[in-house]
Amino acid sequence: MSAIQDLILTTIDAHGAIEDTAALRLNGQPVDQLQVIGVLNSLTAREVVSFTILDAEYWLLSEEGNKVVEHGSPEVMVFNAIPEGEDGISIPELQKLVGESYKFGQGAAFKNKWIKKSAAGFARATDSVVDSTRNELIAIRDGKVLADKIMTDYKKKKLIDKKKTSSYNVVKGPKFTTTLAKEETDISQEMILSGEWKTAQFKKYNFAPGVTGVVPRGGYLHPLMKVREEFRQIFLELGFTEMPTNKFVDSSFWNFDALFQPQQHPARDAHDTFFLKDPATDRKYPRDYLERVKKVHSEGGYGSIGYVMDWKEEEAEKLLLRTHTTAISSNMLYQLAQEKEFRPVKYFSIDRVFRNETTDATHLAEFHQLEGVVADRGLTLGDLIGTLHSFFQKLGIPKIKFKPAFNPYTEPSMEIFSWHDGLGKWVEIGNSGMFRPEMLRPMGLPEDVSVIAWGLGVERPTMIKYGYDDIRELLGHKVNIDMVQKNPICRLDKKMGREL
Amino acid sequence: MPTVNVDKEILFKGLGRVFTLEEFEDLCFDFGIELEEETSEREMAAKEIGAEKAKELSNRLIYRIDIPANRYDLLCAEGIIRALSIFLENQKPPVYKTVPAPAGKHQKLIVKPETGAIRKFVVAAVLRNMVFTQDNYNSFIDLQDKLHANICRRRTLVAIGTHDLDTIEGPFTYEALVPKDINFIPLNQTQSMNGEELMNFYEADRKLSKFLPIIRDAPRYPVIYDSKRRVLSLPPIINSDHSKIKLTTKNVFIECTATDLTKAKIVLNTVVTMFSEYCKEKFTVEPVEVVQTDGKSVMYPDLSMRHMETSAPYINKLIGTDIPRDKIVTLLTRMGVTASKGADDKAISVQIPPTRSDILHPVDVMEDVAIAYGFNNITKTVPKASTAGAMFPLNKLSDKVRRELALSGYTEVLPLILCSHDENFKFIKKVDDNTTAVKLSNPATIEYQVVRTSLLPGLLKTIYSNKKLPLPLKIFEVSDIVLKDDSVERRAKNVRHMAILYANMKGSGFELIHGMLDRIMLMLNVPMDVTGSGNGYYIKESNNETFFPGRRADIFLNGQKIGHLGIVHPEVCQNFEVPFATSALEMTIEPFV
């Protein structure tokens, strides 16, 4: 590099400028123009020189073209391979002699009337031929530019190719000198101690847009867990206590029956729920409570007519992978009811649930569900609506409204819709409701205690936030680790990704 | 959620005005149903059979409307139009009545004892002097399909048969016979066949084949005959061709056979309340006497109003409103529920029509008031109780461990909790002794067979999917595994594990994994048990087959084994197609809570 820099500077010093760097010679050899531009950029940055780019085009023989120069054009090869005389040569033999050029060469030679058919195969039709293709290609190789028509024709036949080169016209800059001081790239401890930094010249740092620094490598947290952390913080700020949801296996009793979900409900079908083969059943739930649940399903009670149907413990004892975290909520509320005196509680959880679904871009057999539950005497639907407004306000979702819906264990049941600016419409973001007396009263909760609750999936808002199209890009072993490492921090109150 | 197709023109005619799309969407939203899309028969069919084949079909506009799963009275256009008209106060809720049969001679249906073993219950009713049009005929068929698919649980609980009463003659008998002894021409067929032949005949039928298993292997099939031994239907499979409903049919005999009597009554009530609209005397139904096997007779349908007592304070207290009692009565009427002032100055007496089987408890009445009042008109309040928030201690610890692992240069991954049996055992050179893993009975996806008992397979699978990334790969997971445990309720328990894995081309990183253990223990403030005092942690060479001999160890805390680490055995890597030298550590973090 420095040899080229010296060459450029001394040449300019001697001649005042360099008309075309293509003409430069170092030890008698042309100079690599890529190295030249490297030097020129650095000298220009220091205002030693300035330059303009000279673009030039030239023609080059292709691999095919070089073959023609070496062996002759295919038609000439065919002609030369045929012996003189009327007998000629057989086609297979001719093919063998000419090789792969035969197919094209034979046609062209025949068209040129250089060869004719004979008893054996082909015979010469003329005494001698001129290989003008070869001659013209040699001329082009030596730098001659022939008539446009010829050049275009050879280009089309892929015998020649056009190439571009850049070289440079260089003139002196305001700070031209032939004796350039060495530039320091960085400051060092040595320079600081010696005071050398005061006189040293420093290389200019490249602040151009698009240039990055050295990116640090470290450890990284998963995007879904970052979103979970935000949700948890919001619940904690609102005074909610996290439920112990570390129970993936549950019984149909807690997952369905305790929630007043009828035994013939479609959700209890094998094609929606993962039932267990081993262990398959469990009957350790509280017996007296079970009797009350059975009664409210089959005969009613607490002001309800019930489902008026047979209720079988064989359905309740079936173990499964919980289909919702409400299985835990029901258990927590039951435990609350067993306390000596009722106390108001606010519970939340964010954990995995399981559905027996075939997987695709929007469905996985496991996903994360968020749930909030408040139990107190005299809670109202207005309290639920107000709680949801403050919860979603914290998520950066100020505009929500509610649609009547159906859910076996809540009454009223409300679907939560939020206004999506990007889509320009209302989209469903969660479910909510007040737990039914048929669920709460058998647990032993006092009559004036109401429980409000809401839930939503965590994956979908995360996909919207970070702009993923496929849930499998977010959860599971197919997740790209590189994505995890580049994923921004999560701030639920700031809009990003598909939220915009 | 069931979806009902409603002809847009008929809908707006029924509602007495034309709505814009937005107006109708808003109406649906407030009432609690959802306009799914605007389409046509042709457009829907084009998606399935192609535009060319669908060309002949109607292009009349259809609204596809999602309805709540417990509102069987909204499963047809008639029901949706009626409910919305009442909601908009265009009409009063109708009063459904049973009326005596002409000349006082009602139809009888006699139940034979053999039916008890296969399909115990039957209920029936007659609709007199109906006028069918092509539109309401289609809707009549459609409602039966929708009921069959939903409340009838694909005909297992209830099956509906409808017949032209003028082609048959009572009294009818509900019997259960040996398949070979039942002979009739099924609906829209020309050949008579017996029960066995019929099963074979419909085996290839796309729509009916799925119902055959309900009775196929039973020794006797349920069947309904008229007094001249003509078959009406072979429930829950098919009706006979002889008694089929035509556009010219005037009098309709409806029977519902069932394994659940409550649901049979709801289904019968739904059909007759919806379609008595087309009877000469609107909303009237002729009862049928069902003579049970015990000799007792019951008249169906039961269209009486169900009575429920509630009060204005009860409703207002739950909603958080102060709606006057008069207003509550009006709001309930808009929901199709007749209410009146009750005994004292607060009580409300509610009359629940046979269409509203979803109302079980006064809270259901309260919800109807809230819907008619408008959820979005309710004043927002917040619960008054002040509570302090708290994290679940195990999750709090997990978060701290996760942060330390990330700070040490490991990247968090989140594999699935379900995996295949091979991945959980064979691939990591373990043998299943049936004491650890919870097994699934019915997975829809073959790769989900067990709940993982180790985090390692998930980490290895993650490395496999990320083979192309620059090395080394350093990943971790802190999450739950599940172990069988007969001593606890639910007979299985979660255990919170942490696992880390290092993969590289050269150098397995065993010392790095070992060092990570030391680092985590330092952060957890656990000393190394150098002297064997039983206080602190140490590692000890092991024979764990998952790892490479001589480079594997168990981790002990206060003398108890809590995990293991080692160079992952090359055969294990091969099983997961991981082409790297790999080291891993896995241990429970529960003792540190």
Side-chain angles (χ1 to χ4, degrees), chain A residues 218-222 224-225 236 239-242 244 246-251 264 270 274-279 282 284 303-305 308-309 344 346 356 358-359 365-366 374 376 379-383 385-387 389 401-404 406 411-412 414 436-437 475-478 481-482 484-485, chain B residues 29 32 68-70 153 260 262 318-320 360-364 367 370-371 375-376 378-383 385 387-392 395 406-418 438-442 444-445 448 458 461-462 465-466 469 480 482 484 489-492 494:
Chain A
Y220 309 86
L221 295 174
H222 192 280
L224 200 61
M225 303 301 270
L236 293 167
F240 282 65
T241 296
E242 192 171 26
N246 55 338
K247 291 183 191 82
F248 294 156
V249 172
D250 221 313
S251 58
Q264 287 151 337
F274 285 114
F275 288 98
L276 302 191
K277 186 163 69 185
D278 178 27
D282 175 59
K284 292 194 198 81
S304 173
I305 60 166
V308 199
M309 52 177 270
K346 292 179 191 160
N356 196 4
T358 38
T359 57
E366 37 190 289
V374 184
D376 198 0
L379 286 182
T380 66
L381 188 59
D383 287 334
I385 290 170
T387 302
H389 270 284
K401 66 173 185 175
F402 305 97
K403 174 179 160 292
F406 167 64
E411 190 79 8
M414 309 192 297
R436 292 190 70 98
L475 182 63
H477 61 270
K478 289 183 181 142
I481 293 174
D482 191 45
V484 175
Q485 298 179 342
Chain B
F29 194 96
N70 64 340
R153 308 287 299 125
D260 178 324
T262 308
L318 282 171
I319 305 176
L360 307 176
H361 187 280
V363 287
D364 297 296
E367 183 190 53
I371 291 172
F375 282 172
N376 300 296
I378 296 168
T379 310
K380 295 187 276 261
T381 49
V382 283
T387 52
M391 283 192 210
F392 179 45
N395 288 356
L407 287 173
S408 301
Y410 286 80
T411 297
E412 183 171 37
V413 295
L414 227 48
L416 300 178
I417 283 156
L418 305 177
V438 163
K439 295 179 182 118
L440 306 181
S441 73
N442 60 321
T445 307
Y448 305 139
K461 280 160 77 177
T462 306
S465 311
N466 284 277
L469 291 183
D480 286 350
V482 174
K484 280 164 74 173
E489 191 183 342
R490 305 171 178 88
R491 299 173 65 195
N494 284 27

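To find a chain, count down the sequence lines: A is the first, B the second, and so on, and within it residues start at 1. What you are looking at is a predicted structure, and each value in this text was computed from that prediction instead of being measured.
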Visitor: Taking the side chain as everything from C-beta on, heavy atoms only, tell me whether B/L418 gets closer than 4.5 Å to A/F274.
Guide: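 Touching, per the 4.5 Å side-chain cut-off.
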Visitor: Considering only heavy atoms and a distance below 4.5 Å, find which of B/L318, B/L469, B/N466, B/V382 pairs most often with chain A.
Guide: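 It is B/N466.
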Visitor: Of all of A/Q264, A/M309, A/K247, which one pairs up most often with chain B through heavy atoms under 4.5 Å apart?
Guide: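 Top option by heavy-atom pairs under 4.5 Å: A/Q264.
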Visitor: Taking every heavy-atom pair that is under 4.5 Å apart, which of B/P68, B/G458, B/P383, B/A492 has the most such pairs with chain A?
Guide: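 When all of B/P68, B/G458, B/P383, B/A492 are compared, B/P383 has the most.
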Visitor: Name the option with the most non-hydrogen atom pairs under 4.5 Å to chain A; the candidates are B/S465, B/A406, B/P362, B/A69.
Guide: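 Sorted descending by pairs with chain A, the first entry is B/A406.
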Visitor: Between A/L379, A/L224, A/I385, A/N356, which residue shows the highest count of heavy-atom pairs closer than 4.5 Å to chain B?
Guide: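 Looking at each option in turn, the highest pair count goes to A/N356.
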Visitor: Rounded to the nearest 0.5 Å, what separates atom CG in A/D383 from atom CD1 in B/I319?
Guide: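 Interatomic distance, A/D383 CG to B/I319 CD1, rounded to 0.5 Å: 12.5 Å.
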Visitor: Between B/A390, B/G32, B/P415, which has the largest tally of heavy atom pairs under 4.5 Å with chain A?
Guide: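 When all of B/A390, B/G32, B/P415 are compared, B/A390 has the most.
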Visitor: For B/K461, is it the side chain, the backbone, both, or neither that has a heavy atom closer than 4.5 Å to a heavy atom of chain A?
Guide: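 It is both, since atoms from each part get that close.
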Visitor: When you compare the side chain of A/D278 with that of B/K484, does any pair of heavy atoms fall below 4.5 Å?
Guide: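 Side chain of B/K484 against side chain of A/D278, heavy atoms only: contact under 4.5 Å found.
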Visitor: Looking at B/F392, B/F29, B/Y410, which one has more heavy-atom pairs under 4.5 Å with chain A than the rest?
Guide: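 Top count of heavy-atom pairs under 4.5 Å with chain A: B/F29.
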Visitor: Considering all heavy atoms of both residues, which atom of B/A385 and which atom of A/D376 are nearest to each other, and what is their separation?
Guide: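 It is CB-OD2, 3.3 Å.
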Visitor: Side chains of A/E242 and B/N395: does their closest heavy-atom pair fall under 4.5 Å?
Guide: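 Contact flag for A/E242/B/N395 side chains = yes.
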Visitor: Would you mind telling me which of A/L236, A/V308, A/I481 has the largest number of heavy-atom pairs within less than 4.5 Å of chain B?
Guide: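 It is A/I481.
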Visitor: B/A370 versus chain A, heavy atoms under 4.5 Å apart: side chain, backbone, both or neither?
Guide: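 Contact with chain A: side chain only.
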Visitor: Which pair of heavy atoms, one from B/Y448 and one from A/T359, lies closest together, and at what distance?
Guide: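 Nearest heavy atoms, B/Y448 then A/T359: OH-CG2, 3.7 Å.
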Visitor: Would you say that more than 12 heavy atoms from the other residues, nucleotides or ligands in this model lie under 6.0 Å from the NZ of B/K380, or not?
Guide: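 At most 12 heavy atoms, drawn from other residues, nucleotides or ligands, come within 6.0 Å of this atom.
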Visitor: So do A/V249 and B/R491 actually touch side chain to side chain, heavy atoms under 4.5 Å?
Guide: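 Not touching, per the 4.5 Å side-chain cut-off.
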Visitor: Please tell me if the side chains of A/D282 and B/E489 come closer than 4.5 Å, counting only heavy atoms from C-beta onward.
Guide: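 The answer is yes; the side chains approach within 4.5 Å.
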Visitor: Treating B/T387 as the side-chain partner and A/K346 as the backbone partner, does any N or O pair qualify as donor plus acceptor under 3.5 Å?
Guide: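 Such a contact is absent between B/T387 side chain and A/K346 backbone.
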Visitor: So which of A/P344, A/A365, A/G303, A/S251 has the biggest tally of heavy-atom pairs under 4.5 Å with chain B?
Guide: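 Sorted descending by pairs with chain B, the first entry is A/G303.
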Visitor: Under 6.0 Å from the six-membered ring centre of B/F375 and within 45° of its axis: does the NZ or CZ of A/K403 meet both?
Guide: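 Relative to the ring axis of B/F375, which defines the angle, A/K403 lies outside at least one limit.
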Visitor: Quick check on B/V482 against chain A: is it the side chain, the backbone, both or neither that has a heavy atom closer than 4.5 Å?
Guide: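 Just the side chain, heavy atoms under 4.5 Å.
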Visitor: Can you tell which part of A/D250 gets under 4.5 Å to a heavy atom of chain B, answering side chain, backbone, both or neither?
Guide: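 Both parts, heavy atoms under 4.5 Å.
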Visitor: What's the separation between atom CG in B/N494 and atom CZ in A/F248, rounded to the nearest 0.5 Å?
Guide: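 It is 4.5 Å, given to the nearest 0.5 Å.
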Visitor: Can you tell me if NZ on A/K478 sees more than 12 non-hydrogen neighbours from other groups inside 6.0 Å?
Guide: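 Not more than 12 within 6.0 Å, no.
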Visitor: Heavy atoms, side chains only, cut-off 4.5 Å: are B/L440 and A/L276 in contact?
Guide: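 A side-chain contact exists here, since the closest heavy-atom pair is under 4.5 Å.
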Visitor: If we define contacts as heavy-atom pairs under 4.5 Å, which of B/T262, B/T462, B/L414 has the most with chain A?
Guide: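 Top option by heavy-atom pairs under 4.5 Å: B/L414.
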Visitor: Are B/D364 and A/R436 within salt-bridge range, i.e. N to O under 4.0 Å?
Guide: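 Counted as a salt bridge, because a side-chain N and a carboxylate O are separated by less than 4.0 Å.
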Visitor: Given that the side chain runs from C-beta out, which part of B/D480 has a heavy atom under 4.5 Å from chain A: side chain, backbone, both or neither?
Guide: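 For B/D480, the contact with chain A is made by backbone and side chain together.
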Visitor: What part of B/N442 gets closer than 4.5 Å to chain A, counting heavy atoms only: side chain, backbone, both or neither?
Guide: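 Contact with chain A: backbone and side chain both.
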Visitor: Heavy atoms only: give me the nearest B/V438-A/P279 pair and the separation to one decimal.
Guide: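 Shortest heavy-atom contact: CG2-CD, 4.0 Å.
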Visitor: Could you look at B/T379 and say if it's the side chain, the backbone, both or neither that has a heavy atom under 4.5 Å from chain A?
Guide: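 The answer is the backbone of B/T379.
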Visitor: Could you tell me whether the side chain of B/S441 and the main chain of A/F275 form a donor-acceptor pair under 3.5 Å?
Guide: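 Judged by distance alone, yes, a pair lies under 3.5 Å.
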Visitor: Is it the side chain or the backbone of A/F240 that comes within 4.5 Å of chain B heavy atoms, both, or neither?
Guide: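 Looking at A/F240, just its backbone touches chain B.
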Visitor: Can you give me the closest heavy-atom contact between B/I378 and A/G382, atom names plus distance?
Guide: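 Closest approach of B/I378 to A/G382, heavy atoms only: CG2-CA, 3.8 Å.
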